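In this text, all values refer to a predicted model and were calculated from it rather than measured experimentally.
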Amino acid sequence: MNQTSLLQELVCLPSLQKNVAIILGSLLISMGINFFLMPFKILDGGLIGIALIINYLFGLKVGLIMFLCSIPIFILVWFHFSDMFYNSIYGLFFSSFVIDFLGPYRNLFLYYVDLTPFSSSLIGGFIVGTGIGIMLRYETSTGGTDLLAQYFSKWVPINVGIIIFIIDGMIICLGGLLLSAETFLLSILTITAGGIATSLCTMK
């Protein structure tokens, strides 16, 4: 790849469909995290789950943590599938921004909506999974383990949603050890709902 074509790819914006998928997917992911998972200290899987664990333990911003943890994965993908890098970098930037942007509105949402931990884990998981699935459907993502799942799906004949579900389970187990048994059980419901939603959205 020469310098001219590389520059053209760097400045080339995603298609209109991908832009819509990034915006809609990021909004759904952010709503699921801020309004349904965080109020009850519930985890999702992947880098979102890692970011939530760090947030619950140390109070750092979820979107910022997601962005920083995605850097090594983006470097890996860059050397093997540069097209996946370009398709996901926009999703990473926008979703990380929206997650932290909607955070201050959490209390306003909870003032009008009363949810139980059980219902919140299911609804939140389905909303986040739908957001991820919409982005993956149009070959973009938030980066992180979503990007890893896309990477692995190039080599193994397994649905992207199933791969994400496996990675999510590992993160949930870690979170259960660091946080509480209740967090672990509720998070199992979340990743199950999220895995179903993502699989439905990416089904061909």
Side-chain angles (χ1 to χ4, degrees), residues 25-74 91-133 135 141-149 161 163-198:
S26 296
L27 286 173
L28 288 172
I29 292 170
S30 179
M31 290 170 59
I33 290 173
N34 282 299
F35 301 154
F36 295 91
L37 302 187
M38 294 184 70
F40 297 101
K41 294 191 181 300
I42 303 170
L43 298 175
D44 194 15
L47 283 189
I48 293 177
I50 293 174
L52 287 172
I53 292 173
I54 295 174
N55 173 270
Y56 298 154
L57 293 176
F58 305 107
L60 301 179
K61 291 186 176 181
V62 173
L64 176 61
I65 300 168
M66 282 179 55
F67 178 81
L68 294 177
C69 291
S70 291
I71 293 176
I73 298 175
F74 271 100
L92 171 63
F93 276 117
F94 192 75
S95 61
S96 297
F97 169 77
V98 175
I99 288 171
D100 288 342
F101 177 78
L102 288 186
Y105 297 94
R106 186 181 309 118
N107 291 334
L108 179 64
F109 175 82
L110 295 175
Y111 180 80
Y112 292 102
V113 180
D114 186 21
L115 294 168
T116 65
F118 178 81
S119 61
S120 194
S121 63
L122 288 177
I123 297 172
F126 196 84
I127 291 175
V128 172
T130 301
I132 291 173
M135 296 177 76
S141 75
T142 61
T145 53
D146 303 340
L147 193 57
L148 272 183
I163 299 175
I164 292 175
F165 182 79
I166 294 172
I167 298 174
D168 288 353
M170 298 170 63
I171 303 299
I172 295 303
C173 290
L174 174 64
L177 292 174
L178 295 176
L179 297 173
S180 67
E182 182 181 10
T183 293
F184 173 77
L185 294 175
L186 291 173
S187 301
I188 289 294
L189 296 176
T190 296
I191 66 166
T192 301
I196 293 172
T198 302

Please round to the nearest 0.5 Å and tell me the distance separating atom [atom1] of [X] and atom [atom2] of [Y].
X     : Y      : atom1 : atom2 : value
Ile33 : Leu43  : CD1   : CG    : 11.0 Å
Met38 : Leu52  : CE    : CG    : 6.0 Å
Phe40 : Leu186 : CZ    : CG    : 9.0 Å
Asp44 : Ile29  : CG    : CD1   : 9.0 Å
Leu92 : Ile71  : CG    : CD1   : 8.5 Å
Asn55 : Lys41  : CG    : NZ    : 7.0 Å

Exercise. Report the relative orientation of the aromatic rings in Phe97 and Phe101; use parallel for angles under 30°, tilted for 30 to 60°, perpendicular for over 60°.
Key: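 Judged by the thresholds at 30° and 60°, the geometry between Phe97 and Phe101 is parallel.
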Set of ring pair (Phe, Tyr, Trp, His ring centres under 6.0 Å) partners for Phe35, sequence neighbours left out: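 Listed in chain order: Phe109.
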Partner residues of Tyr56 under the ring pair (Phe, Tyr, Trp, His ring centres under 6.0 Å) criterion, sequence neighbours left out
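Tyr56 satisfies ring pair (Phe, Tyr, Trp, His ring centres under 6.0 Å) with no residue once adjacent residues are dropped.
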Could you give the side-chain donor-acceptor pairs of residues 116-132 under 3.5 Å, partners two or more places apart or in another chain?
from: Thr116; atom 1: OG1; to: Ser119; atom 2: N; distance (Å): 3.2
from: Thr116; atom 1: OG1; to: Ser119; atom 2: OG; distance (Å): 2.9
from: Ser119; atom 1: OG; to: Thr116; atom 2: N; distance (Å): 3.2
from: Ser119; atom 1: OG; to: Thr116; atom 2: O; distance (Å): 3.1
from: Ser120; atom 1: OG; to: Phe36; atom 2: O; distance (Å): 2.4
from: Ser121; atom 1: OG; to: Pro117; atom 2: O; distance (Å): 3.3
from: Ser121; atom 1: OG; to: Phe118; atom 2: O; distance (Å): 2.7
from: Thr130; atom 1: OG1; to: Phe126; atom 2: O; distance (Å): 2.7

What side-chain donor-acceptor pairs closer than 3.5 Å can you find for residues 169-182, not counting sequence neighbours?
from: Ser180; atom 1: OG; to: Thr183; atom 2: N; distance (Å): 3.1
from: Ser180; atom 1: OG; to: Thr183; atom 2: OG1; distance (Å): 3.0

Check whether any side-chain N or O of Ser30 sits under 3.5 Å from a backbone N or O of Ser26 as a donor-acceptor pair, and report yes or no.
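Not confirmed, Ser30 side chain does not pair with Ser26 backbone.
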Can you give the donor-acceptor pairs under 3.5 Å from side chains of residues 60-70 to other protein atoms, not counting sequence neighbours?
from: Ser70; atom 1: OG; to: Met66; atom 2: O; distance (Å): 2.8
from: Ser70; atom 1: OG; to: Gly144; atom 2: N; distance (Å): 3.4

Item checked: Residue pairs, two or more places apart or on separate chains, that pass side chain to side chain donor-acceptor pair (under 3.5 Å) and touch residues 93-110 ->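 Listed by first then second residue: Asn34-Arg106.
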